[in-house]
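Beneath this line is the structure, given in structure tokens, with notes to follow.
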Amino acid sequence: MRIAVLSLQGAFEEHRQMLLRLGADPFFVRETADWKGRVDGLVLPGGESTAMVCQAQEGGLWQLLQERIAAGLPVFGTCAGMILLDRTHLNVMDIQARRNAYGRQLGSFRTVAPMKGLGEIPMTFIRAPYVEDYGDGVEVLAECGGRVVAVRQRNMLATAFHPELDGDPSVHRYFLQLASGRE
Ligand code: GLN
């Protein structure tokens with residue numbers, strides 16, 4: 001499966017490694033010209049959402065991503081990627097992410113918690129958001145400390161944590177199943 005990985009900034013290489021490990025065929029997208037051939041899915045990595053928004057808007061990539069996702073392209077956003085998918089940014093998922101939501105002291109931490117269908121998985125949070133509001137079509141897949149940290153809406157998956165940093169491929173495997181229509 002050919003998976004586009006937005007590579008403007010942030011943890012894109014770690015996503016590529018994880019996708020390769022699962023037998024997918026990832027490629028980097030920095031500008032609209034990189035968007036070529038068949039694309040089966042898209043990963044929006046963690047990083048700094050404001051920086052990614054600015055860069056993506058410059059060359060028209062923002063609009064392309066918005067159109068493709070709205071047209072049904074499977075997408076997986078982690079951390080800043082979750083923020084990009086929300087109502088105030090790409091406005092493709094019916095979620096509102098709260099940025100840097102855990103405060104300075106608790107901004108980065110690691111835990112193990114259950115995710116629906118996957119059992120207990122490691123979760124690494126780095127100045128992470130959480131989902132503070134969501135619409136009827138959104139399924140909550142994981143909560144941590146009473147906060148919603150993983151959600152799915154049709155073809156769209158978002159986690160507040162970073163599964164690409166933990167060596168556990170289960171969330172990426174789940175995304176590839178979703179992207180192939182098997183989930
Ligand atoms: N704090 C970042 C933001 O607001 C997200 C952090 C991350 O992706 N690890 O965009």
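Treat the numbers as computed from the prediction; the structure is a model and nothing was measured. Side-chain atoms are counted along with the backbone in the values below, which use heavy atoms only and exclude waters and symmetry mates. As the structure lists them, so they are numbered: ligands from 1, and atoms in each ligand from 1.
Closest to atom 1 (N) of ligand 1 among all protein heavy atoms lies Asn100 OD1, 2.7 Å. Looking from atom 4 (O) of ligand 1 to the surrounding protein, the closest heavy atom is Arg99 NE, 2.6 Å. The nearest heavy-atom contact from the protein to atom 7 (C) of ligand 1 is Cys79 SG, 2.7 Å.
Checked for salt-bridge contact, Glu139 and Lys116 meet the test: a charged N lies under 4.0 Å from a carboxylate O.
If you number the atoms of ligand 1 from 1 as listed, the ones under 4.0 Å from a heavy atom of Ile83 come out as 3 (C), 4 (O), 10 (O). Interface of Gly47 with ligand 1, defined as ligand atoms under 4.0 Å from a residue heavy atom, comprises 2 (C), 5 (C), 6 (C), 7 (C), 8 (O), 10 (O). Within ligand 1, the atoms closer than 4.0 Å to a non-hydrogen atom of Glu48 are 2 (C), 3 (C), 4 (O), 10 (O), numbered from 1 in the order shown. Listed by atom number, the atoms of ligand 1 under 4.0 Å from Gly46 heavy atoms are 8 (O). The contact set between ligand 1 and Ser49, taken as ligand atoms under 4.0 Å from a residue heavy atom, comprises 3 (C), 4 (O), 10 (O).
For the pair Arg110 and Phe125, the NZ or CZ position fails the cation-pi test of under 6.0 Å to the six-membered ring centre and within 45 degrees of the ring normal.
Not one N or O on the side chain of Asp40 forms a donor-acceptor pair closer than 3.5 Å with the backbone of Met1. Counting only distance, with no hydrogens or angles, the side chain of His89 and the backbone of Ile83 share a donor-acceptor pair below 3.5 Å. Arg147 places no side-chain N or O within 3.5 Å of a backbone atom of Val149 that could act as its donor or acceptor partner. Glu48 contributes no side-chain N or O that, together with a main-chain N or O of Gln9, makes up a donor-acceptor pair within less than 3.5 Å.
Distances from ligand 1 to the non-hydrogen atoms of His162 include at least one value under 4.0 Å.
Below 3.5 Å of separation, one finds no N or O of Ala128 facing any N or O of ligand 1. For ligand 1, none of its N or O atoms has an N or O atom of Thr78 under 3.5 Å away.
Between His15 and His172, the two ring planes are tilted [angle within 30° to 60°].
Every side chain to side chain donor-acceptor pair (under 3.5 Å) that Asp168 has, sequence neighbours left out, goes to Ser170.
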